[in-house]
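Written below as structure tokens is the structure these notes are about.
In listed order, ligands and their atoms are each counted from 1. This structure is a prediction, so every number in the text was calculated from the model and none was measured.
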Amino acid sequence: MTEKKKTISLIVPCFNEEEALPLFYEETVKVLKELKEDYEMILVNDGSSDRTLSVMKELAEKDKKVIYLSFSRNYGKEAAMYAGFVNATGDYVCTMDADMQDPPGLLPQMLEILKKGEYDSVATRRVSRKGESKIRSFFARLFYRIINRISNAEIVDGARDFRLMDRKMVDAIVQMSEYNRFSKGIFGWVGFRTYWLPFENVERIAGKTSWSFWGLVKYAIDGIINFSDVPLNIATWFGIGMSFVAFIMLIFVIVRKLIYGDPVAGWASTMSVIIFIGGIQLLCLGIMGQYIGKTYLEVKNRPHYIVSETNGENITKIK
Ligand code: UDP
Ligand code: MG
């Protein structure tokens, strides 16, 4: 029996990747051709301000398997990946960064594992954070420790968005049409049998990362809010604890008044308690605000992305 050929869809989100994209294309296509599998390469231009779109058009000109989608503005990597998932037609779908930090050389091995049929997805994780600053690594590790403790989606430290999935899993991901997307969480949440492939960290080949430190902090907070309601519970328990302490103190003050009479003292301590409690209240309000803000965006049901230009047929342009 001859095995039916399967198609692979590669999804590549690109934001200002004019330098890296041609290199990425060369390397990846070399690997894909060796695999002798049919493929499509979906390049998503996420509102780049450089020549990324022109580069995509040049690639599409010489390779009919290249499909480009160009967004009407920058919607973020999550939206770009979602657009890829929505429009991918392959039996296997793989998400990859354009900067070669996701080594295309791993693809054959990943495909082989999936083809055996034991797993539905092959995910990759960096075993080292070589080339990354110490502080950044420290906070990254901290983030993974926290989120795994408080959410029910397994989120692996060092996991990249570089992942090969079968149709089943892709369909599930497309169904998860939430507006606030956090792919690392979504991949974990949908479940399925995942094989973890470790590899050494690779530095980006050209251009520069679009993540600032604060951008990452915000991303981490988003991840936690999107996949856990533990912060809300913490706020509640803090409130209960504080009320209890306040009650004990009240009794203490009353008893002291009855026994000793009460000279006016303790202004400083009173102030610090008031300020402390005020701070906690604002923090809790802030936590609630985060969730309400997310709910607000979710309820508005706006599209994730708008495509302004594409060479593909039957492309979902707004979703
Ligand atoms: N990216 C994107 N939209 C953005 C930011 C990034 O599509 O708003 C793409 C970027 O072009 C790259 C991938 O997402 O292909 C990962 O970005 P980057 O290399 O900057 O992140 P890092 O590897 O440093 O986490
Ligand atoms: Mg990168």
Side-chain angles (χ1 to χ4, degrees), residues 9-28 41-56 59 66-88 94-104 106 123-133 135-137 139-141 143-144 155-163 179-187 199-220 222-223 304-310:
S9 302
L10 282 188
I11 300 172
V12 190
C14 301
F15 177 58
N16 295 341
E17 301 283 11
E18 59 177 2
E19 286 170 64
L21 189 55
L23 303 168
F24 169 84
Y25 173 82
E26 288 299 323
E27 282 296 313
T28 311
M41 189 184 275
I42 304 178
L43 303 175
V44 185
N45 173 31
D46 186 13
S48 305
S49 53
D50 65 357
R51 286 191 61 254
T52 301
L53 180 57
S54 319
V55 173
M56 287 180 179
L59 293 176
V66 170
I67 299 166
Y68 64 84
L69 315 178
S70 188
F71 284 178
S72 58
R73 64 168 170 86
N74 178 257
Y75 287 89
K77 183 184 175 188
E78 293 290 344
M81 290 202 296
Y82 189 59
F85 283 124
V86 169
N87 291 298
C94 186
T95 45
M96 287 177 96
D97 287 2
D99 58 7
M100 301 283 286
Q101 281 191 297
D102 299 332
L106 291 178
T124 58
R125 56 182 272 268
R126 301 185 286 178
V127 282
S128 67
R129 288 180 172 272
K130 205 172 63 193
E132 197 182 66
S133 85
I135 305 179
R136 202 160 161 158
S137 301
F139 280 109
R141 293 232 157 78
F143 164 70
Y144 285 108
I155 298 169
V156 174
D157 185 5
R160 294 197 52 89
D161 291 334
F162 180 25
R163 207 183 252 262
Y179 186 78
N180 297 287
R181 297 186 77 74
F182 181 66
S183 285
K184 287 183 175 54
I186 291 175
F187 294 152
F199 73 97
E200 285 283 325
N201 190 29
V202 187
E203 281 180 56
R204 135 194 283 291
I205 189 166
K208 59 179 196 303
T209 175
S210 37
W211 289 99
S212 65
F213 182 75
W214 285 112
L216 281 175
V217 171
K218 216 180 141 271
Y219 184 64
D222 275 356
H304 297 81
Y305 66 85
I306 298 172
V307 170
S308 68
E309 241 186 292
T310 174

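When atom types are taken as modelled, the side chain of Thr124 and the backbone of Phe162 share a donor-acceptor pair closer than 3.5 angstrom. Between the side chain of Glu78 and the backbone N or O of Ser183, at least one donor-acceptor pair lies under 3.5 Å. Side-chain N or O atoms of Thr52 include one that pairs as donor or acceptor with a backbone N or O of Glu17 at under 3.5 Å. A donor-acceptor pair under 3.5 Å links the side-chain atoms of Ser48 to the main chain of Asn16, judged by distance alone.
Under the salt bridge (Lys or Arg N to Asp or Glu O under 4.0 Å) criterion, the residue pairs touching residues 43-52 are Arg51-Glu58, with sequence neighbours excluded.
In terms of protein heavy atoms, atom 16 (C) of ligand 1 is closest to Asp97 OD2, 3.2 Å. For atom 21 (O) of ligand 1, the closest heavy atom belonging to the protein is Trp211 CD1, 3.0 Å. From the protein, the heavy atom lying nearest to atom 24 (O) of ligand 1 is Thr209 OG1, 2.8 Å. The shortest contact between atom 1 (N) of ligand 1 and any protein heavy atom is with Phe15 CB, 3.7 Å. In terms of protein heavy-atom proximity, atom 6 (C) of ligand 1 is nearest to Ser210 OG, 3.4 Å.
At least one side-chain heavy atom of Cys14 sits under 4.5 Å from a side-chain heavy atom of Met56. By the 4.5 Å heavy-atom criterion applied to side chains, Met41 and Phe24 are counted as neighbours.
Shown in contact with Gln101 at under 4.0 Å from a heavy atom are these atoms of ligand 1, numbered in order with element: 19 (O), 22 (P), 23 (O). The Cys14 neighbourhood of ligand 1 comprises atoms 7 (O), 11 (O), with distances under 4.0 Å to a heavy atom of that residue. Every atom of ligand 1 is numbered from 1 in the order shown, and the set under 4.0 Å from a heavy atom of Glu17 is 10 (C), 11 (O), 12 (C), 15 (O). Of all atoms in ligand 1, numbered sequentially from 1 with element shown, those under 4.0 Å from a heavy atom of Asp46 are 2 (C), 3 (N), 4 (C), 7 (O), 8 (O). Shown in contact with Asp99 at under 4.0 Å from a heavy atom are these atoms of ligand 1, numbered in order with element: 19 (O), 23 (O).
No N or O atom of Arg136 sits closer than 3.5 Å to an N or O atom of ligand 1. Taking any N or O of Gly76, backbone or side chain, none lies under 3.5 Å from an N or O belonging to ligand 1. For the pair Pro13 and ligand 1, the shortest N or O to N or O distance falls below 3.5 Å. At under 3.5 Å, a nitrogen or oxygen of Arg204, whether backbone or side chain, sits near a nitrogen or oxygen of ligand 1.
Heavy atoms of Lys77 found under 4.0 angstrom from ligand 1 belong to the backbone as well as the side chain. Contacts between Asn74 and ligand 1, counted as non-hydrogen atom pairs separated by less than 4.0 Å, involve the side chain only.
A salt bridge does not link Arg125 with Asp157: every distance from a Lys NZ or Arg NE/NH1/NH2 to an Asp or Glu carboxylate oxygen is 4.0 Å or more. Remark: Arg204 does not engage Asp97 in a salt bridge, criterion side-chain N to carboxylate O under 4.0 Å.
In terms of the side chain to side chain donor-acceptor pair (under 3.5 Å) criterion, residue partners of Tyr75 (sequence neighbours excluded) are, by chain and number, Ser72. With sequence neighbours excluded, the residues forming a salt bridge (charged side-chain N to carboxylate O under 4.0 Å, His left out) with Asp222 are Lys294, listed by chain and number.
Between Ala79 and His304, the shortest heavy-atom contact is CB-O, 3.5 Å.
Taking the six-membered ring where the residue is Trp, Tyr305 and Phe71 present parallel rings, their angle staying beneath 30° rather than reaching 60°.
For the pairing with Val12, the side chain to side chain contact (heavy atoms under 4.5 Å, CB included) check across Asp102, Val66, Leu43 returns one residue only, Leu43.
Sorted by chain and number, the protein atoms of type N, O or S within less than 2.8 Å of the Mg ion (ligand 2) are Asp99 OD2, Gln101 OE1.
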